[in-house]
Amino acid sequence: MKYWLMKSEPDDISIDDLRDSPNKTMSWQGIRNYQARNFIRDEIKVGDYVLFYHSSCKVPGVVGIASVVSQPQLDASAFEPQSRYFDPKSNPDKPRWWQVDIQFTEKLNQSVPLSQLKSDPALQDMVLVTKGARLSVQPVTAEEFTHIVMLGK
DNA sequence: GCCAACGTTGGC
DNA sequence: GCCAACGTTGGC
């Protein structure tokens, strides 16, 4: 089982939006970065654990836990001209972008802000802290995952 | 709103 | 294949 961190802008989709979705599940559409796409397409498996991260907001940080509940699927929003995620270079014969479904598990009792992640000696090797500042889907170690969840209790 | 960091594009 | 120009992300 693997562990991931996924970012979302809460003004767009927040942890509460995920919790309030049908079956507490959403298709994670709109990934338009190749490195993130490769993780989604090639490495993510059903049952993997996800730290849900709020970015581009007042207090960025980890706010909850989710899990992966589908195999990778084509991201059909790339084919829809009216979609904000439309990509004319992707088409069903030559798909470029992929998605998975994720399901709400729980909201942390207290969110763990980026400032805390950055200052915690146990988390200095996190992709988020080192080089992944702009990567919207990134791997997390089991130790990092457990540690962050503990901080949020 | 600014801007640093980084990714992508495209000319050569 | 290099690299300049440009676009995007995301913290502050």
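Letters A, B, ... are given to chains in the order of the sequence lines, protein chains preceding strands, and every chain is numbered from 1. All values reported here derive from a predicted model rather than from experimental measurement.
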Can you list, pair by pair, the side-chain donor-acceptor contacts under 3.5 Å of residues 115-123 of chain A, counting residues two or more places apart and other chains?
from     : atom 1 : to       : atom 2 : distance (Å)
A:Ser119 : OG     : A:Ser115 : O      : 3.1
A:Ser119 : OG     : A:Gln116 : O      : 3.2
A:Asp120 : OD1    : A:Ala122 : N      : 2.8
A:Asp120 : OD1    : A:His147 : NE2    : 3.4
A:Asp120 : OD2    : A:His147 : NE2    : 2.8

Checklist entry - Which pairs with one or both residues in residues 63-89 of chain A pass ring-ring contact (aromatic ring centres under 6.0 Å, His included), sequence neighbours excluded? => result none
Item to check | Rounded interatomic separation in angstrom, taking CG from A:Leu128 and P from C:dG10 | outcome: 10 Å
Checklist outcome for this item: Going by chain and number, the hydrophobic cluster around A:Trp97 (ILVMFWY, side chain to side chain under 4.5 Å) further includes A:Tyr34
Checklist entry - Separation of A:Lys118 atom NZ from C:dG10 atom P, in whole Å? => result 13 Å
Mind listing the N/O atom pairs, protein and nucleotides 7-9 of chain C, below 3.5 Å?
from  : atom 1 : to       : atom 2 : distance (Å)
C:dT8 : O2     : A:Arg134 : NH2    : 2.6
C:dT9 : O4'    : A:Arg134 : NH2    : 3.4
C:dT9 : O2     : A:Arg134 : NE     : 3.4

Checklist outcome for this item: Those residues at least two apart in sequence (or on a different chain) that pass salt bridge (charged side-chain N to carboxylate O under 4.0 Å, His left out) with A:Asp17 are none
Give every donor-acceptor pair under 3.5 Å between a side-chain atom in residues 50-61 of chain A and any protein atom, sequence neighbours left out.
from    : atom 1 : to      : atom 2 : distance (Å)
A:His54 : NE2    : A:Ile15 : N      : 3.1

